[in-house]
Amino acid sequence: MAALSGKVVQNVFIAQFYQQNRQFGTQYQRDSCVPYMCALPPFHGGKLAWTSNSSMQMRNLLKYQNGFVNRRTFYCNAASSATAIPSLDKVDFLKLQNGSDIRGVAVSGVEGEPVSLTEPVTEAIAAGFAAWLLDKKKVDASRKLRVAIGHDSRISAQKLQDAVSRCIASAGLDVVQYGLASTPAMFNSTLTEDEAILCPADGAIMITASHLPYNRNGFKFFTNDGGLGKNDIKDILERAASIYSNFLAKGYSVKASESVKKIDYMAVYTSDLVKAVRKAAGNIEKPLEGFHIVVDAGNGAGGFFAAKVLEPLGAITSGSQFLEPDGMFPNHIPNPEDKAAMKAITQAVLDNKANLGIIFDTDVDRSAAVDSTGRELNRNCLIALMSAIVLEEHPGTTIVTDSVTSDGLTSFIEKKLGGKHHRFKRGYKNVIDEAIRLNSIGEESHLAIETSGHGALKENHWLDDGAYLMVKLLNKLASARASGKGVGSKVLTDLVEGLEEPAIAVELRLKINQNHPDLKGRSFREYGEAVLQHLGNSIASNPKLQKAPVNYEGVRVSGFGGWFLLRLSLHDPVLPLNIEAPSHEDAVKLGLEVAAAVKEFQALDTSALDKFVQP
């Protein structure tokens, strides 16, 4: 059979197609190699053979028919097949974008939620990332790029990891699988310099969908510059869409690949966390000896924190719960913002008479804590606590937060701590990028943190790392005891003394009906912006209310002793309304002002607001 010509190759060539009815077992298997590395068995069952070294070489092709110019491509020599591929479903790849992440449905079984992250779609996304990375790094043919891949505990994780690995290895890049890992560890792998553990990675992929239900999954991407932004994700998905539209016929086989290996990188990452706490305590081997700390991992990827971080530091971890990875999340949603999750860790602290409780989300980029009395250290309180710690280290620095933080937090940061509160937009990447921008123009900032539990520090490469946030708390506990300044979680709660917390705090979601005739051909985003513009104009003539003088998102208004913020969701046809007030009565007054201003917008579902303001 004649070899296929370069004309059928686009950007990075996808090397696999296989039976669409292939079954995936839902039993999750954790990969572990000791001490760090073992060889991965070769792949079988793919459909395309790379038959010569030239198939791995990068070359610039002429403009391809779908319009990508001067992007990395591969020539491929493969035998053709007479067997036709079953028709593939059309996919709108851009709909898989969720800000700076990619998310979709990976497991069938939920009514009304068809699978969108099929294996061919996953391979196309992986190929899109490989092509993007090759353009970004601009390496010559003498060196292969290296990509690290990890995943959380979801039941679709192994299937997606295999698909990503097959594709990237077939594209001529080295693949290093980490198995069960955390999102922060994946970014860290691009910074670690140790060739013995195949670091640094040129790029890293975390397979996760954060706290979303079991049937969802997705991807986060990293280089040593940090997490990829919205524009990069859009670029990758556009490349993926072009690749997907040009898949070849099945009937090929992948040759055994020597470019895929396994590393227990979590052993490296956790060792660094342990060292950080020991250093803060004056290099004491077990600075947490005698402390009783319980961990709730929510059956996500964070179970390592008890045995691999706390116990080597001397802490007692009995009573820790839901440490085993289980992608069905049978106990509660792994989400530090979820009321049931916070109730679970609070009860564990009280039942075990622990000094502190720690809870993580699924992929460990978010966290929260509970003190020995059962007080929740999350949302505004966690931000206040981290601000107190950071401002001790960097007096006067700017704390960047998302838009829904409280007025009480602003007063605490600026009047009690002597810092500056810069309230920005929702979205952890927005908050982090704003802190980086402020530093670039000469305004010092060392902390970017959201009420969701995403928190990033300048000292930690602006990585939103839930485990590192908790290490900062542990550092405070360890150093306070070492210096004789206090013992137990009271050391932490004393730091937030004086923080005014609202009696009433609610978030109501006003949905936009995209099929309603009142949209008049506008997108939901245009319609939502019209709602906000009208609300802003209404408030301007109301003497009872005052618009925030500096505001970066939506319409924020103070009045009746509290405030509200109506904003447009980053991704969905929803206008979230946050209200905080000193009493329910005052909160209702604020809600009524919003209801009166938006009532003429017929496509806006205000039922949640109507219910809240009813007497």
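Since we're looking at a predicted model, the values are computed, not measured. Values reported hereafter were calculated over all heavy atoms of this structure, with side chains retained and with hydrogens, waters and symmetry mates removed.
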Does Met470 form a side-chain contact (heavy atoms from CB on, under 4.5 Å) with Phe305? I'd like the steps, not just the answer. CA-CA 10 Å; Met470 293 300 103; Phe305 202 78; 4.1 Å; yes
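- Side-chain atoms of Asn378 never come within 3.5 Å of backbone atoms of Cys381 as a donor-acceptor pair (strictly under, hydrogens ignored).
- Nearest heavy-atom pair across Gly303 and Ala297 is N-CB, 3.5 Å.
- Using modelled atom types and a 3.5 Å distance limit, the side chains of Asp363 and Ser182 yield no donor-acceptor pair.
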Please evaluate residues Val176 and Val147 with respect to the criterion side-chain contact (heavy atoms from CB on, under 4.5 Å), reporting the C-alpha separation (whole Å), side-chain torsions for both, the decisive distance (0.1 Å), and the verdict. CA-CA 6 Å; Val176 186; Val147 176; over 6 Å; no
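- Rounding to the nearest 0.5 Å places OG of Ser156 at 6.0 Å from NZ of Lys159.
- Side-chain contact between Leu134 and Leu145 is present, with at least one heavy-atom pair separated by less than 4.5 Å.
- To the nearest 0.5 angstrom, Asp365 atom CG is 10.0 Å from Leu469 atom CG.
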Would you tabulate the side-chain donor-acceptor contacts of residues 335-344 under 3.5 Å, counting partners in other chains and residues two or more places apart, or write 'none'?
{"from": "Asn335", "atom 1": "OD1", "to": "Glu337", "atom 2": "N", "distance (Å)": "3.0"}
{"from": "Asn335", "atom 1": "OD1", "to": "Arg366", "atom 2": "NH1", "distance (Å)": "2.9"}
{"from": "Asn335", "atom 1": "OD1", "to": "Arg366", "atom 2": "NH2", "distance (Å)": "3.1"}
{"from": "Glu337", "atom 1": "OE2", "to": "Arg379", "atom 2": "NH1", "distance (Å)": "2.6"}
{"from": "Asp338", "atom 1": "OD2", "to": "Ala340", "atom 2": "N", "distance (Å)": "3.2"}
{"from": "Asp338", "atom 1": "OD2", "to": "Ala341", "atom 2": "N", "distance (Å)": "3.0"}

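- No side-chain heavy atom of Val370 sits less than 4.5 Å from a side-chain heavy atom of Gln347.
- The only member of Phe304, Phe360, Phe322 that meets side-chain contact (heavy atoms from CB on, under 4.5 Å) when paired with Val295 is Phe360.
- Contact annotation: the side chain of Phe93 approaches that of Ile125 to within less than 4.5 Å [non-hydrogen atoms, C-beta and beyond].
- Note: Met206 CE to His151 NE2 = 8.0 Å, rounded to the nearest 0.5 Å.
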Verdict with supporting geometry, Phe564 and Val594, side-chain contact (heavy atoms from CB on, under 4.5 Å): CA-CA 9 Å; Phe564 72 75; Val594 177; 3.7 Å; yes
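- Thr208 pairs in a side chain to side chain donor-acceptor pair (under 3.5 Å) with only one of the listed residues (Thr362, Asp101, Asp152), which is Asp152.
- Screening Gln161, Lys220, Met186 for a side-chain contact (heavy atoms from CB on, under 4.5 Å) involving Ile207 leaves a single residue, Gln161.
- Between the side chain of Thr401 and the backbone N or O of Ile449, no donor-acceptor pair lies under 3.5 Å.
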Apply side-chain contact (heavy atoms from CB on, under 4.5 Å) to Ile345 and His332, showing your working. CA-CA 10 Å; Ile345 183 60; His332 62 68; over 6 Å; no
In a table with atom names and distances, give each donor-acceptor pair under 3.5 Å that connects a side chain of residues 597-608 to protein atoms at least two apart or in another chain.
{"from": "Glu600", "atom 1": "OE1", "to": "His534", "atom 2": "NE2", "distance (Å)": "3.4"}
{"from": "Asp605", "atom 1": "OD1", "to": "Ser607", "atom 2": "N", "distance (Å)": "3.0"}
{"from": "Asp605", "atom 1": "OD1", "to": "Ser607", "atom 2": "OG", "distance (Å)": "2.8"}
{"from": "Thr606", "atom 1": "OG1", "to": "Asp610", "atom 2": "OD2", "distance (Å)": "3.1"}

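- Within the model, atoms OH of Tyr428 and OG of Ser100 stand 3.5 Å from one another, a figure rounded to the nearest 0.5 Å.
- In this structure, Gln177 contributes its side chain and Gly179 its backbone to no donor-acceptor pair below 3.5 Å.
- Closest approach of Ala163 and Glu123 over heavy atoms only: O-CG, 3.7 Å.
- Two residues are said to be in side-chain contact when any heavy atoms from C-beta on lie closer than 4.5 Å; Glu113 and Asn215 meet this criterion.
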Contacts under 3.5 angstrom, residues 223-230 side chains, donor-acceptor by atom type, not counting sequence neighbours:
{"from": "Thr223", "atom 1": "OG1", "to": "Asp225", "atom 2": "N", "distance (Å)": "3.1"}
{"from": "Asn224", "atom 1": "OD1", "to": "Lys137", "atom 2": "NZ", "distance (Å)": "3.4"}

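- Residues Arg423 and Leu565 form no side-chain contact, since every pair of their non-hydrogen atoms from C-beta on lies 4.5 Å or further apart.
- In this structure, the side chains of Ile205 and Val164 come closer than 4.5 Å at one or more pairs of heavy atoms.
- When atom types are taken as modelled, the side chain of Asn299 and the backbone of Glu324 share a donor-acceptor pair closer than 3.5 angstrom.
- The minimum heavy-atom distance linking Gly128 with Ile243 is given by the pair N-CD1, 3.8 Å.
- Note: His461 and Phe187 have perpendicular aromatic rings, judged against thresholds of 30 and 60 degrees for the angle between ring planes.
- No more than 12 heavy atoms of other residues, nucleotides or ligands lie within 6.0 Å of NZ in Lys425, so this atom counts as exposed by the packing criterion.
- A 4.5 Å side-chain heavy-atom check between Thr346 and Glu376 finds at least one atom pair inside the cut-off.
- At most 12 heavy atoms of other shown residues, nucleotides or ligands fall within 6.0 angstrom of atom CG in Asn231.
- Residues Tyr214 and Phe329 keep their aromatic ring centres 6.0 Å or farther apart.
- For Arg525, the CZ atom is densely surrounded, since the number of other residues' heavy atoms within 6.0 Å is greater than 12.
- Between atom CG of residue Leu377 and atom CD1 of residue Ile358 there is a gap of 10.5 Å, rounded to the nearest 0.5 Å.
- A donor-acceptor pair under 3.5 Å is formed between the side chain of Glu553 and the backbone N or O of Arg426.
- Between the Asp361 side chain and the Pro334 main chain, no donor and acceptor come within less than 3.5 Å of each other.
- Side-chain N or O atoms of Ser170 include one that pairs as donor or acceptor with a backbone N or O of Arg166 at under 3.5 Å.
- With Arg522 contributing its side chain and Leu519 its backbone, the two residues share a donor-acceptor pair below 3.5 Å.
- Here the side chains of Ser403 and Tyr552 are not in contact, with every heavy-atom distance at 4.5 Å or above.
- For the atom pair Arg556 CZ and Leu566 CG, the distance stands at 12.5 Å (nearest 0.5 Å).
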List the steps and the verdict of side chain to side chain donor-acceptor pair (under 3.5 Å) for Ser210 and Arg216. CA-CA 9 Å; Ser210 188; Arg216 308 295 182 88; over 6 Å; no
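- In plain terms, the two heavy atoms of Trp462 and Ala435 that are nearest each other are CH2-CB, 3.6 Å.
- The minimum heavy-atom distance between Gly554 and Asn551, with the atom names listed, is O-ND2, 2.9 Å.
- Judged by distance alone, with hydrogens and angles left aside, the side-chain atoms of Asp465 form no donor-acceptor pair with the main-chain N or O of Asn460 at under 3.5 Å.
- Shown here for Ile432 and Ala448, the closest heavy-atom pair between the two residues is CA-CB, 3.9 Å.
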